Participant: 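Structure in structure tokens, see below.
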2 protein chains.
Amino acid sequence: MKKTPSLTDLVAMAGAELTPTDRRIAQAVLAEPTLLAFGTVSHLADQVGTSRPSVVRFAHKLGFQGYTELQRQVRAEVSRRLVRPSERIRNDETTDTSAHQAINDAIDSVFEIVQGLDIAQLVKPIVEANQVWVLSGETSRAGAIAFCSGLSMIRPNVHLLDDRSISNELSNAGSGDTAVVFDFYRYRRLVVTATRLLAQSGVRIVAITDGPLSPLVELTDNWCEISVPAIGPFDSSVPVVAIAELLVSKIARELKGKTTERIDRIESLWESTETFFQ
Amino acid sequence: MKKTPSLTDLVAMAGAELTPTDRRIAQAVLAEPTLLAFGTVSHLADQVGTSRPSVVRFAHKLGFQGYTELQRQVRAEVSRRLVRPSERIRNDETTDTSAHQAINDAIDSVFEIVQGLDIAQLVKPIVEANQVWVLSGETSRAGAIAFCSGLSMIRPNVHLLDDRSISNELSNAGSGDTAVVFDFYRYRRLVVTATRLLAQSGVRIVAITDGPLSPLVELTDNWCEISVPAIGPFDSSVPVVAIAELLVSKIARELKGKTTERIDRIESLWESTETFFQ
DNA sequence: TCATGACTGTACCATATGTTACACTATTGA
DNA sequence: TCAATAGTGTAACATATGGTACAGTCATGA
């Protein structure tokens, strides 16, 4: 029992009482629903090769008061198809595992971005950099930590800047370096201004942030958008950590030969200082 | 080099020269592109709470001759998404998809644990604690950061112990306190020994670790098992961060009313120190 | 053959829509 | 404090749009 019958259903219902012209319209519209979702009466009429009134009559036959109403119906249908499949499920079953869903969606979108976007754009400056400086806001701190932790294993000269070290260390950065900045809405003033300073001194910027409206975006072309879900009342850093680790793995692949050597070195260093328990 | 820049790209390009109203429009449109694809100037203006001319000006700022042209662009973008919704599967780099799978599985198991296990066992000592001490190994550092960051918002006396502070601070811990320890295979010697010392001085231990064989397990009954997936050649901290944030949200629910007062204080502090950019 | 009815296009209208010019307001800098 | 400027809304306008009445066309049956 559907509350809203689909366009196909409506055409089927109208069925027998459709005139030849109606059928041509139906055919066109079923093949390309955007004609109806986006187009005007005139446009659709032209496409089908008929007159505007015929289109309106078609809408009447389908049980609508006019073209406008039919269009509204089709647009709703199209909108539903646009949202992510998992979201569709969530909307259907109102479970209270919303945090779980939100995180899964966010993770999915992270991988989507990594595959779709030109990730090499983000990786290249980090690989080539003389020194790498990492900055982060509050919710993104965990991501920055994960990034530094991983990146330190595969290349030298990785520095994590926090509130204390930032003012001292900033002067050591210069042309040939790259700064990787993690920050999200309620963008931290200190982080933004520091990034701006770095950009001005010729440091290449790679930004992980939450959208084109972020103040970080205007400082670089190498940025990537991450959506931040909520766990309970707080913003989650899970997706940030995920993208951070993905970046590291991409960089590792790029560095190839040099990488294994360095990891071995670090591992032996750790073992010699008895950092590990087993 | 994209032939047709996406809406996101366009907003990013316009960047700095967007007025506050422009940004409100951009935000609305990025969150819900159908507003632009389907809606009229009036409708969008109403949704955003502005006037029609502002919407048209927004289109101009993005480099279009008018709203109509901007709409055409967005419709094309939306149409593309309708035709091939499986754009995600396009690139099949096996490393990514397997990492994706691994992370999703790990996240799933985290939520299973949280729902299945008696999570109250972990939450209770933290809620009741006089002071909370947080320790972590290397891969779990990000989780510890996330945990501290969240927990500090909702209760006082949360201390993150790192290699430097651990020897000094350890003596401040005692009966009535709780230590939350994150550590995984290749257990960090410093963390394990410190935890043992804490346990001996009557500090309650909550451990997030990787199984019953962990040296942390023999120090407490309040522990929970997390599986660590791999992203490329590295261990991922994503599940640790997830469980950390889930713990925080559970604790927040437990503390209920007491938290709001503290959060308000922190907020006003942030405001007076102008911590944030916007 | 004509009459009937269904089907389709033309002509027209009220309204909604995108757009522009202009006026008002708030903010900035001297 | 005042002038200048950027930002935003009001008013007006030409056009596009959905809708309807009416006329023309075609097929069918007597």
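Below, chain A is the first sequence line, B the second, and so on; all start at residue 1. Small disclaimer: the values here were computed from a predicted structure and weren't measured.
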Participant: Main chain of A:A102, side chain of A:D105: is a donor-acceptor contact present, judged purely on distance under 3.5 Å?
Facilitator: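 Not at all, since once roles are kept as given, no pair shorter than 3.5 Å links the two residues.
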
Participant: Between D:dG7 atom C1' and B:H60 atom NE2, what is the distance in whole Å?
Facilitator: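 Answer to the nearest Å: 16 Å.
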
Participant: Within the 3.5 Å criterion, strictly below it, is a donor on A:E225 or A:T209 matched to an acceptor on the partner's side chain?
Facilitator: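 Side chains of A:E225 and A:T209: no pair found under 3.5 Å.
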
Participant: Taking all heavy atoms of A:S42 and all of A:R52, pick out the closest pair and write down the distance.
Facilitator: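 Here A:S42 and A:R52 meet closest at OG-CD, 3.2 Å.
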
Participant: Return the value, rounded to whole Å, for the distance between atom CZ of B:R24 and atom P of D:dG7.
Facilitator: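 It is 14 Å, rounded to the nearest whole Å.
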
Participant: What's the verdict on ring pair (Phe, Tyr, Trp, His ring centres under 6.0 Å) for A:Y67 and A:F58, showing C-alpha distance, side-chain angles and the deciding distance?
Facilitator: CA-CA 8 Å; A:Y67 181 81; A:F58 173 72; 9.3 Å; no

Participant: Please state how far atom OH in A:Y67 lies from atom C1' in D:dG19, giving the value in whole angstrom units.
Facilitator: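 Answer to the nearest Å: 13 Å.
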
Participant: Could you grab the distance from atom CG of B:D46 to atom CG of B:L35, nearest 0.5 Å is fine?
Facilitator: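 B:D46 CG to B:L35 CG: 11.0 Å, rounded to 0.5 Å.
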
Participant: Which residues, if any, of residues 49-59 of chain B bring a heavy atom under 4.0 Å of DNA chain D?
Facilitator: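 Going residue by residue through residues 49-59 of chain B, the ones with a heavy atom under 4.0 Å of DNA chain D turn out to be B:T50, B:S51, B:P53, B:S54, B:R57.
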
Participant: Please enumerate all residues that pass side chain to side chain contact (heavy atoms under 4.5 Å, CB included) together with B:R141, with sequence neighbours excluded.
Facilitator: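 In terms of side chain to side chain contact (heavy atoms under 4.5 Å, CB included), with neighbours along the sequence ignored, B:R141 is linked to A:I145, B:S136, B:I145, B:R188.
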
Participant: Please state how far atom CZ in A:F38 lies from atom P in D:dA16, giving the value in whole angstrom units.
Facilitator: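 Whole-Å distance recorded here is 21 Å.
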
Participant: Could you tell me from which nucleotide to which nucleotide of DNA chain C, 5' to 3', there is an atom under 4.0 Å from chain A heavy atoms?
Facilitator: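 Nucleotide range in contact with chain A: C:dC7 to C:dT10.
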
Participant: What's the shortest heavy-atom distance between A:D183 and A:G137, and which atoms?
Facilitator: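 Nearest heavy atoms, A:D183 then A:G137: OD1-CA, 3.5 Å.
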
